[in-house]
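By convention in this document, chain letters (A, B, ...) are assigned in the order of the sequence lines, proteins followed by strands, and residues within each chain are numbered from 1. Model, not experiment: these values are computed from the prediction.
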Amino acid sequence: MLKDLLEARLAPALRAAGAPEGSAVALTVSTKPEFGDYQMNGAMGAAKRLKRPPRELAEAVLAHAQLEDLVSEASIAGPGFINLRLRESVLEEQLSTFTTRVLDPKAPSREAGRVVIDYSSPNLAKEMHVGHLRSTIIGDALARCFAHAGWEVLRQNHVGDWGTQFGMLLAYLNTLETGDGAPAAEAELADLEQFYRKAKARFDEDPAFAALSRETVVKLQQGDPTCRAAWQRFIDVSLSHCEALYGRLQVTLTRKHVRAESAYNDALAGVITALRDRGLLTESEGAQCVFLEEFKGKDDAPLPLIVQKSDGGYLYATTDLAAVRYRCDDLEADRALYLVDKRQGLHFKQVFAVAEAAGFITRPCSFEHMPFGTMLGEDGRPFRTRAGDVVKLADLLDEAERRAEVLVAEKNPDLDAAARTEIAKAIAIGAVKYADLSKHRNNDYVFSWDAMLSFDGNTAPYLQYAYSRIQSLFTRAQVAPEALSAGLSLGAPQERSLALTLLRTEDVLTQVREQGLPHLLCTHLYEVATAFTAFYEHCPVLSAPEERLRDQRLALAHCCGETLRQGLELLGIPVVQRM
RNA sequence: GCGCCCGUAGCUCAACUGGAUAGAGCAUCGGCCUUCUAAGCCGAGGGUUGCAGGUUCGAGCCCUGCCGGGCGUGCCA
């Protein structure tokens with residue numbers, strides 16, 4: 001990539017100019033087009049450490065750097081910025097292999113490794129609501145990004161299927177089925193949210209039922225066959241609800257990615273034993289705990305990670321420790337990413353630290369909590385409807401598709417109903433996902449129907465629109481992209497700018513994987529689409545003065561279209577040929 | 001009390017990890033459809049980056065102290 005090319009020349013020059021070992025080149029995209037294409041800021045940083053005048057060092061760097069074949073202009077500005085303008089031939093050469101080198105998923109990958117991505121992980125006791133959107137969508141985008149770069153991706157849907165609440169739900173299911181018969185149960189299960197609420201109400205008002213619920217949990221965890229069978233049926237129904245949503249959202253999770261909490265049940269006792277063998281286990285107030293030096297609670301009191309309750313029951317820390325072992329030993333992951341709410345930050349810090357101390361991390365594997373913020377309502381409180389309920393994911397998608405269909409019908413009345421619905425779905429999914437993906441995951445964010453279902457400005461439909469315009473160019477020109485052989489023209493500023501933007505894609509994708517931040521890709525694709533639109537407005541393609549120029553511009557448009565298509569696909573957002 | 005996160009334009013968010021004059025979208029105002037899709041484009045206004053210090057050639061970003069908000073802090077997940 002461009003940045004690598006330049007860095008390969010600048011890093012030795014920086015050393016040759018006398019900069020200390022490990023000095024960063026600090027190459028960034030120019031803040032202003034007038035300055036050039038890229039700027040190197042590292043001379044100033046190195047000069048500070050050397051206590052030398054920064055401009056002098058910058059000059060020395062330029063004197064040592066061999067840049068002639070890459071750069072047409074190099075100059076020093078301000079306190080010691082080195083501004084670089086790339087040769088057009090370099091851009092053209094890089095771009096000519098861009099789609100096969102960077103975009104093609106079958107391109108020889110420069111990264112190889114195995115990454116576990118733990119995401120979505122809904123609680124099967126309830127229906128999925130908008131709060132599950134973030135983990136599901138961000139995780140899925142990351143899974144796609146890693147897979148694209150050549151990683152082996154192991155999706156792990158760590159669904160909650162084993163908590164205390166399942167006793168209650170099973171007991172309720174049982175009363176329905178032994179009462180008026182099975183049809184009632186079937187009907188009730190169709191709406192898990194209702195089902196949960198009714199079971200909870202019964203639990204709260206009927207002590208006998210509450211007692212039965214608690215017995216049921218014990219029976220379930222002991223492996224009682226009848227109980228297990230009922231539980232399995234409930235889980236199946238709930239999972240099929242999730243799958244329906246994954247399908248609608250075009251999320252890549254399937255049943256084979258489910259690795260539920262219950263799957264670790266048999267490993268929990270082993271976790272306790274192993275901790276005891278390592279001398280890490282301490283009994284405190286009746287519970288089995290691990291105390292590590294680095295974790296302090298109130299008044300500097302030691303803060304435990306409780307792994308077994310005083311009644312003998314295990315906790316989610318125990319399950320997560322078992323999952324660490326599984327992901328490390330059995331899955332042999334190099335990285336394990338946890339897309340989980342940031343409120344669990346301390347929990348994962350403790351779990352990972354205990355796993356390390358216990359020797360559970362038996363091979364070089366990086367365990368990383370990738371936290372995300374809470375979805376808030378417009379009042380700044382955790383998101384609820386007016387009635388105090390959560391918004392169901394299914395309802396959000398229904399509304400998104402409804403609004404999109406109205407808009408498509410209005411913008412493009414000639415489409416037949418089938419095409420209209422298909423386009424509306426793509427737009428709806430895109431808008432909903434992009435609204436979430438385009439924000440920095442670490443921050444809380446405000447849910448707004450209108451913002452989430454907006455189709456104007458920095459939204460997925462804007463990107464999809466740019467793509468469909470490119471497709472339209474090819475439809476009208478009646479040329480296949482593969483047939484273009486005139487090379488590229490990058491003379492116009494808009495052409496050059498679009499090329500430069502496209503050539504940043506690889507760096508962006510690397511950063512997305514390193515930091516687990518898909519919003520960087522959103523921002524980049526928006527810049528691509530913006531650069532394309534400027535090009536489209538200023539550089540006539542089909543009516544270009546010469547056929548050669550037309551073909552060159554078509555080639556550039558094709559590069560851009562492929563970037564948008566592939567980029568959107570990495571975000572899990574479909575493109576459409578027309579809209 | 002302690003710990004983590006956050007505070008950026010009226011609103012919603014960015015800012016390539018310390019770089020040049022802090023950028024987008026929505027909203028507001030003005031302009032552009034007999035030439036490739038107006039879901040678009042061009043332009044305008046809008047900022048003491050919560051406050052006060054400090055570090056340095058340079059701070060939204062780092063350090064200190066305040067103010068304000070969220071979350072977490074032993075047997076739920």
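- Distance NZ (A:K439) to P (B:A24): 18 Å, rounded to an integer number of Å.
- Between the CZ atom of A:R578 and the P atom of B:G40 there is a distance of 20 Å, given to the nearest Å.
- Spacing between B:G72 and B:C6 at atom C1', rounded to whole Å, works out to 14 Å.
- Residue A:L407 is classed as a base contact, given a heavy-atom separation below 4.0 Å to a base.
- Here A:D416 does not pair with A:R420 in a salt bridge; the nearest charged N to carboxylate O distance is not below 4.0 Å.
- Spacing of P atoms, B:A24 relative to B:A15, comes out at 15 Å, to the nearest Å.
- Counting any heavy atom pair closer than 4.0 Å across all strands shown, A:P54 reaches no nucleic acid atom.
- Salt bridge A:D436/A:R134: present, at least one basic N to carboxylate O contact under 4.0 Å.
- As rounded to the nearest Å, B:G10 and B:G18 have C1' atoms that lie 31 Å from one another.
- When the nucleotides B:A14, B:U37, B:A39 are ranked by their closest atom to the side chain of A:Y536, B:U37 comes out on top.
- Salt bridge status for A:E399 with A:R403: present, with a side-chain N to carboxylate O gap under 4.0 Å.
- If you take atom C1' in B:C32 and the same atom in B:U21, they sit 29 Å apart, rounded to whole Å.
- Centre separation under 5.5 Å together with a plane angle under 30° holds for the ring of A:F35 and the six-membered base ring of B:A20, marking them as stacked.
- When heavy atoms are screened at a 4.0 angstrom cut-off, A:C522 is found touching no nucleic acid atom at all.
- Within 4.0 Å (heavy atoms only), A:Y445 reaches sugar-phosphate atoms of the nucleic acid but no base atom.
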RNA chain B in dot-bracket, Watson-Crick or G-U pairs under 3.5 Å, [ ] crossing, | other strand?
(((((.(..((((.....[...)))).(((((.......))))).....(((((..]....)))))).)))))....

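- At least one side-chain nitrogen or oxygen of A:R476 sits closer than 4.0 Å to the OP1 or OP2 atom of B:U37.
- In this structure, A:M44 places its CE atom 8 Å from C1' of B:A20, rounding to the nearest Å.
- Taking atom C1' in both B:C11 and B:C5, one finds a spacing of 22 Å when rounded to whole Å.
- Residue contacts for A:K349: at a heavy-atom cut-off of 4.0 Å it reaches no nucleic acid atom on any strand shown.
- When heavy atoms are screened at a 4.0 angstrom cut-off, A:T28 is found touching the sugar-phosphate backbone but no base atom.
- A:Q577 and A:S468 share no donor-acceptor pair across their side chains, judged by distance under 3.5 Å alone.
- Between B:G25, B:C36, B:G40, one nucleotide has an atom nearer to the side chain of A:N458 than all others, and that is B:G25.
- Per the geometry, CG belonging to A:L415 stands 12 Å off C1' belonging to B:U37, to the nearest Å.
- For the residue pair A:E495/A:S489, the side-chain donor-acceptor check at 3.5 Å is satisfied.
- A:Q39 has its CD atom 15 Å from the P atom of B:G18, to the nearest Å.
- Counting any heavy atom pair closer than 4.0 Å across all strands shown, A:G80 reaches no nucleic acid atom.
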Please report the C-alpha distance between A:D118 and A:S121 in whole Å, then the side-chain angles of each, then the deciding distance to 0.1 Å, and finally whether the side chain to side chain donor-acceptor pair (under 3.5 Å) criterion is met.
CA-CA 7 Å; A:D118 176 332; A:S121 308; 3.0 Å; yes

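- Put simply, A:N443 has a side-chain N or O that comes within less than 4.0 Å of OP1 or OP2 on B:A14.
- The distance from atom CD1 of A:I470 to atom P of B:G40 is 15 Å, rounded to the nearest whole Å.
- Using cut-offs of 30° and 60° on the angle between ring planes, the pair A:Y326 and A:Y264 is perpendicular.
- One atom, CD of A:E537, and another, C1' of B:G31, lie 14 Å apart when rounded to the nearest Å.
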Quick one, give me the B/S/- string for nucleotides 71-77 of chain B, reading 5' to 3', where B means a protein heavy atom under 4.0 Å from the base and S means that only happens at the primed atoms, P, OP1 or OP2.
SSSBBSB

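- With both ends at atom C1', the span from B:C66 to B:G7 equals 14 Å, rounded to whole Å.
- Backbone-only engagement by A:N442 is indicated by non-hydrogen atom pairs under 4.0 Å involving sugar-phosphate atoms exclusively.
- Separation of the A:H519 and A:Y434 ring centroids does not fall under the 6.0 Å cut-off.
- Relative ring orientation between A:W162 and A:W231 is described as perpendicular, the plane-to-plane angle rising above 60° on a 0-90° scale split at 30° and 60°.
- Residue A:S468 is in base contact, counting any heavy-atom pair closer than 4.0 Å across all strands shown.
- Distance A:H538 NE2 to B:G40 C1': 13 Å, rounded to the nearest Å.
- At a threshold of 4.0 angstrom between heavy atoms, the contacts of A:A477 with the nucleic acid are absent.
- An aromatic stacking contact between A:Y462 and the base of B:A39 is absent, as defined here by ring centres under 5.5 Å apart and ring planes under 30° from parallel.
- The residue A:N41 sits close to a base: some heavy atom pair falls under 4.0 Å.
- B:A20 sits 38 Å from B:G1 when the P atoms are compared, rounded to a whole Å.
- Remark: the separation of the P atoms in B:A59 and B:A22 is 12 Å, to the nearest Å.
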